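Owing to the predicted nature of the structure, the values given are computational and were not obtained by experimental measurement. Here is the naming used below: chain letters follow the sequence lines, and residue numbers restart at 1 for every chain.
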Amino acid sequence: MKRYNPSEIEPKWQQTWTDTQLYKVTEDSSRPKYYMLTEFPYPSGDGLHAGHIREYTVGDVIARHKRMQGHNVLYPMGYDAFGLPTENYAIKHKIAPQVATATNVANFRRQFDQLGLSFDWSREVNTTDPDYYRWTQWLFLQFLKAGLAYQDEIAINWCPKEKTGLANEEVVNGKHERCGTPVEKKFLKQWLFRITDYADRLIDGLKTVDFPDKIANQQINWIGRSEGAEIDFAIKTQTEPTFYQFFEPGKIKPEHPFVERDGILAIVKHWNEDKYLGLRWKQVDWETFITGGIEAGQTPETAALAEIQQETGYINARLVKDLGRMHSQFFHVPKNQNRHGHFKMLYFELQDDKRVTVADEEQSIHEPVWLTRAEIADFKLPSSHRFMWEQLAGRPSDSVRVYTTRPDTLFGVTYLVLAPEHPLIERYIHQSSNAEEVSIYVKAAIGRAELERQEAKEKTGVELKGIKSVHPLTGEELPIWVADYVLAGYGTGAIMAVPAHDERDGEFAAQFDLPIIPVVEPVTGNPLPDEEYRRSIVALVRNPRTNEVLSINWGQQGGNIFIGGGIDEGEDVVETARREVLEETGYINLKLIGQSEKIHHHYIAHSKGGIKRGIDVWGVYFELENDDRDEQKLEADEEGKFTVEWLPSTKVEQLVNDELHKYVYEKFIGQKCYIGYGPLVNSGEFDGLQGDEAKAAIVSRLEQMGVGKTAKKYKLRDWVFSRQHYWGEPIPVIHCPKDGVVPVPDDQLPVTLPPVESYEPTDTGESPLAAMTDWVNVECPQCGGPAKRETDTMPNWAGSNWYYLRYMDPRNNQAFVGEKALDYWQHVDMYLGGMEHTTLHLLYSRFCHQFLYDQGLVPTPEPYAARRGQGIVLAADGRKMSKSIGNVINPSDIVAKYGADTMRLYILFMAPYDETTPWSDERLGGVNRFAYRVWTLVQQLAANTTQTGDPDGTFVTEVDRFVHKTLKKVHDDLHDMRFNTAIATMMELLNNLSTPAINTRIIEPRHADLATRTARTFVLMLAPFAPYIAEELWHELGSDDSVHTAAWPSYDPSLIKDDVVELAVQVNGKLRGTILAAVEASETEIVAAAKDNPNVAKFLTGTIAKTIVIPRRLVNFVVK
RNA sequence: GCGGAUGUGGUGAAAUGGUAGACACGCCAGUUUUAGGUACUGGUGUCGCAAGACGUGUAGGUUCGAUUCCUAUCAUCCGCACCA
């Protein structure tokens, strides 16, 4: 008998399978297709880890099973090789990333082959291969042409230490993962994809695919759809605009003297062209309009005319329009003075081109220039000058647009809040009376790391004083605040604050002492039909010395509640509360602290025979002044039913379960606001409406007025698609000063990465490609003029967006994938991968695919028909595997010691695929024993070659039955991806065939046919799990073809049915014995047999009230 | 805080309304060989001599019968998180 020696058979079969291209597929329309996909790896220097092995082994088992069942199986593999780890490696070791990638890929390939994975290597792809990324770039251009890719200046993650933009995945807990520096936000021009346009489709499409709930929910949650309304609040300015020039040239310098001087600002139009006079200042790099002081005896107009002549030489200007007055503070550069004063804003038109010579002295400070409208819009004018320009242009009246999911609380708005990044702040800050305070806050908030913003316990903010907003329905003026608890990136970046019904607004209002208007009456319990109406109170009494609250304990049924009772005729709320406390507990001296709003409570009074009640309740809050007590005055039905208890605050949450009483407690002690729905109050004509009805009514009123509409919002943001790194696909775009953004023509793709000296990101945060002037400077494909290439590259998700399509037709150089291949393969049938990609790759590639579907480029709306996420393989110590802890497993070591089959069997056997579970070397040894024992058994059976004599029919049936039952179970388990129980079932069969009772007989010559049959079936069943052992044994059993192209054995349904089954016999649900009964036995026979069982009989002492017979399972006697 | 999941022997786990703990690790005993590991056989939820009782995080409920369904609660894990 041959010894099982994996290190001998595994390389042998590996070679054979590779040589014969055993797993190569073509579009074979005679067989059903099956597309089995596992996520391709990032080829790092570390090689395969345990998670890879789990994923690829499971995919391999499914692929092999499908193949044996006659499917044409596509099970491909490739490499997602662009990205930072390789780039960092290149920087550190001065090795080209192309070279490092090739080395790593070779190592991965070696490990794949070791594991016996049945990939079709003729379809291998690599995202860094120019023949591949040519099509990644082509796809980018499809997005661009469809208007789904666009450029915008947005805040990205920025590492201030390394002066580089960062990918989201490089930011861990608000810090740069490489250097630990807290990440800031920085505005940079970025490429973005409009994934938000597909938000609804990405949610709705989930209904059409087979994804686990966990994954579907996580995606839905991530997209975060919410429905509400956008409402406009008009802006009203109250003060003269004041400009404190903090952000820009002219900033106050404290070391210089402060001088008050009034003056003028003037815009002067050209005599016949649409151009305006400006001054280019020579000492500093900025332009302004005409500006100057007012001397004694001058009017603003004469002063302005004098300035125009003095500074530009033009004489004949005519005053056309008075633009009002402003107040400004600035640093006057030529005089080295800080100045402040009132400025008159005037608009002149030149009558002709007559001018006088400008004095040299003036010329040395600034020179006159003509500015076009476009230039004015583009130049960084000081904000005061820009303001004047806008005044001239006719400023549209502004409003703040807010987004809310609770339009029903509109009447509870007491202020608005803008996110610090909100554009209206820059626009109005100069007209607010506390501009400096606001600007300091805004600057600090924007610069503050996101982490800090999240962790800040106290809310911060500042009022934009002098600027008011107007409530669209009441006309009331509301203050506008700037606070970083409002996020710029969500909704409109501005909110209407309803402190009475929103926790965050409530907290903010409490901190800054802002008014709170309740507009929703709380409702507890569920409304019931035919309720009896009552008015009552709940009294909360706190002892300030012990910090305990007074409760009454109704025992098991009622639990603890506070003091409650009905309001009598003519009694007020507080009187009632005092009376009830006295009657039920005897306490006399109570100090009134507070009274709640009206609460609507619905309940069933079980103590009063199940009466349904709808009550109006007022909570009343007292502090106990002293322990003086009278006798309790209980009603007859209360006597002895409850005890009075003082509860410490820690116990209240646990013991008080009644919804109403809980609410009253949280209202007074927890100071929580009511965020639920209920009838509106203080809301004018909308009083009494509630919930959706109230929302609809208010929104429709706003719509009539043209100041509001329903709106849907998503947490999902547009996808930032730029990276300032070398090792990625160049974005195939050319920037032309004349034609703007020009796509690289298809016939010039791919735009390949040029060789560079240094892969380091540059100081400016530009990609290192920006320094490659030969590469950057190109001709514009449209006008032929000088133009520049885009130097940003794509994120590493770009290549994986569509790789599953390329596998269908990987060598096509006419199209990203050919139509014939698409027609045949359609979409992925089963996609395995890590849970960590749920809201990244999996979402991105669905988006990409839906877009391609809309373009008519793919035949199906969704890329993946089914998805399964895998659980994490933890280290043996229960922690995550990590190189730094040193608890990782090395697959090559395990393969060397036990063989690949054992590795595969163990990783499948340890737990269900989606379960996170620790690695265990001991259990690995156990599975290795199974491999040995299978080997031994099959060799033993194979040795029984020649059938002589008559077999024992009963014995043969017994063995066949066991084999076929196992076969069915293994087949079903494979279908349900329950590999652990499939292997357990095969172990059971092995154990069974190894027992002396069966083993000694099956090796008899008269059972040679049975032995061969059993061995062959066992080997076929094992083939998807342990391909090497199965292949070797299959050949031992006399076959010349591969076991992996053999047909999967089907089970014989007649053999999996038993003639006789064991039934459990229960008495009152407790197991008392078992009986054997024929399958066809009648119920009467079964019951009789069950009664006969002596173990059962002794419990059948009383009357048998009921007998339950479940065929083939059990009998249960109910005895009284 | 929101969303999702999980909770069963010493351990990984099985059973999805019908004999709880399949299969495997570990442990105990034995057999063979041996210095030992390996291999093989048997045992192994807890208490109890036994009959039997108890037992699937905790407390209730539905049911003839609940690990499985319902309600509450606790714990752990994962994802998101000032999303208005």
Exercise for the section: Would you indicate which nucleotide in B/A24, B/A15, B/C82 comes nearest to any side-chain atom of A/Leu487? Expected result: B/C82

Exercise for the section: Using only heavy-atom distances, determine whether the side chains of A/Asp692 and A/Tyr677 contain a donor-acceptor pair under 3.5 Å. Expected result: no

Problem - Residue mapping more 5' on RNA chain B - nearest nucleotide basis, A/Asp502 or A/Asp213 - result: A/Asp213

Exercise for the section: Send over the distance from A/His837 NE2 to B/C80 P, rounded to a whole Å. Expected result: 13 Å

Problem - B/S/- contact track for nucleotides 39-54 of chain B, protein heavy atom under 4.0 Å - result: SS----------SSSS

Problem - Secondary-structure stems for RNA chain B, with pairs counted as Watson-Crick or G-U when both distances are under 3.5 Å and runs at least 3 long - result: B:1-7 with B:74-80, B:10-12 with B:23-25, B:26-31 with B:39-44, B:45-47 with B:52-54, B:57-61 with B:69-73

Problem - side chain to side chain donor-acceptor pair (under 3.5 Å) evaluation trace for A/Asn928 with A/Tyr906 - result: CA-CA 8 Å; A/Asn928 190 229; A/Tyr906 172 63; over 6 Å; no

Handout entry: Between B/A84 (P) and A/His501 (NE2): distance, integer Å
Key = 17 Å

Completion exercise
Whether each nucleotide of nucleotides 61-66 of chain B has a protein heavy atom under 4.0 Å at its base (B), only at its sugar-phosphate (S) or at neither (-) is summarised, 5' to 3', as ---B--

Handout entry: Per A/Lys214 side chain, nearest of listed nucleotides B/G79, B/C78, B/A84
Key = B/C78

Exercise for the section: Side chain of A/Asn217 only, please: which of B/A84, B/C23, B/G3 is the nearest? Expected result: B/G3

Handout entry: Pairwise P distance for B/A51 and B/G45, with rounding to whole Å
Key = 15 Å

Exercise for the section: Measure from the side-chain heavy atoms of A/Glu988 and tell me the nearest of B/A84, B/C23, B/A14. Expected result: B/C23

Problem - Test ring-ring contact (aromatic ring centres under 6.0 Å, His included) applied to A/Tyr932 - qualifying residues, sequence neighbours left out - result: A/Tyr4

Handout entry: side chain to side chain donor-acceptor pair (under 3.5 Å) against A/Asn221, all qualifying residues, sequence neighbours excluded
Key = none

Handout entry: Nearest-Å distance once atom P is located in both B/G7 and B/C70
Key = 14 Å

Handout entry: With A/Lys672 via side chain to side chain donor-acceptor pair (under 3.5 Å) - residues at least two apart
Key = none

Practice task
Report which part of the nucleic acid A/Ser920 touches: base, sugar-phosphate, or nothing (heavy-atom distance under 4.0 Å, all strands).
Solution key: nothing

Practice task
Under 4.0 Å between any heavy atoms, over every strand shown, what does A/Ser226 touch: base, sugar-phosphate, or nothing? Just pick one.
Solution key: sugar-phosphate

Handout entry: Of the listed nucleotides B/A15, B/C80, B/U19, the one nearest the side chain of A/Arg1113
Key = B/U19

Fill in the blank from the handout: Residues at least two apart in sequence or cross-chain that pass side chain to side chain contact (heavy atoms under 4.5 Å, CB included) with A/Ala911, listed by chain then number, are A/Arg54, A/Glu915, A/Thr917

Practice task
Could you check how far OH of A/Tyr932 sits from P of B/A24, rounded to whole Å?
Solution key: 18 Å

Completion exercise
With sequence neighbours left out, the residues meeting salt bridge (Lys or Arg N to Asp or Glu O under 4.0 Å) with A/Asp1092 are none

Practice task
Taking the six-membered ring for Trp and the full ring for Phe, Tyr or His, determine whether the centres of A/Tyr663 and A/Tyr674 are under 6.0 Å apart.
Solution key: yes

Exercise for the section: Give one of base, sugar-phosphate or nothing for A/Glu836, where a contact means two heavy atoms less than 4.0 Å apart. Expected result: nothing

Exercise for the section: Decide if atom CD1 of A/Ile675 counts as having more than 12 heavy atoms of other residues, nucleotides or ligands within a radius under 6.0 Å. Expected result: no

Handout entry: For atom CZ of A/Phe512 and atom P of B/C82, their distance in whole Å
Key = 18 Å

Completion exercise
Across all chains, not counting sequence neighbours, the ring-ring contact (aromatic ring centres under 6.0 Å, His included) partners of A/Phe512 are A/Trp481, A/Phe508

Exercise for the section: Look at all strands and tell whether A/Gly926 reaches a base, only sugar-phosphate, or nothing, counting heavy atoms closer than 4.0 Å. Expected result: sugar-phosphate

Using a cut-off of under 3.5 Å, enumerate the N/O to N/O pairs linking the protein to nucleotides 30-34 of chain B.
none

Practice task
Rounded to whole angstrom, note down the C1' distance from B/U44 over to B/A22.
Solution key: 15 Å

Practice task
Please measure how far the C1' atom in B/G12 lies from the corresponding atom in B/A59, and state the result in whole Å.
Solution key: 30 Å

Practice task
Give one of base, sugar-phosphate or nothing for A/Arg1112, where a contact means two heavy atoms less than 4.0 Å apart.
Solution key: nothing

Practice task
Using the P atoms only, state how far B/G10 lies from B/A81, rounded to an integer number of Å.
Solution key: 40 Å

Handout entry: Separation of the P atoms in B/U56 and B/G61, to the nearest angstrom
Key = 15 Å

Handout entry: Rounded distance (Å) that lies between atom C1' of B/C2 and atom CH2 of A/Trp222
Key = 15 Å

Listed pairs, N/O of protein and of nucleotides 9-12 of chain B, under 3.5 Å:
unit_1, atom_1, unit_2, atom_2, d
B/U11, O2, A/Arg923, NH1, 3.1
B/G12, O4', A/Arg923, NH2, 3.2
B/G12, O3', A/Thr917, OG1, 3.0
B/G12, O2', A/Met910, O, 2.7
B/G12, O2', A/Thr917, OG1, 3.4

Handout entry: Separation of the P atoms in B/G36 and B/A29, to the nearest angstrom
Key = 15 Å

Practice task
Could you give the distance separating B/C82 and B/A13 at their P atoms, to the nearest angstrom?
Solution key: 34 Å

Practice task
Describe the nucleic acid contact of A/Asn980 in one word from base, sugar-phosphate, nothing, applying a heavy-atom distance below 4.0 Å.
Solution key: sugar-phosphate

Practice task
Rounded to the nearest angstrom, tell me the gap between atom CD in A/Glu227 and atom P in B/A84.
Solution key: 12 Å

Problem - Given RNA chain B, 5'-ward residue of the pair A/Met987 and A/Lys715, judged by closest heavy atom - result: A/Met987

Problem - Those residues that, when tested against A/Asp200, pass salt bridge (Lys or Arg N to Asp or Glu O under 4.0 Å) (two or more places apart) - result: A/Arg225, A/Lys712

Practice task
Please work out which of the three classes, parallel, tilted or perpendicular, describes the rings of A/His471 and A/Phe233, given edges at 30° and 60°.
Solution key: perpendicular

Practice task
Using atom CD1 of A/Ile675 as one end and atom C1' of B/C2 as the other, report the distance to the nearest whole Å.
Solution key: 11 Å

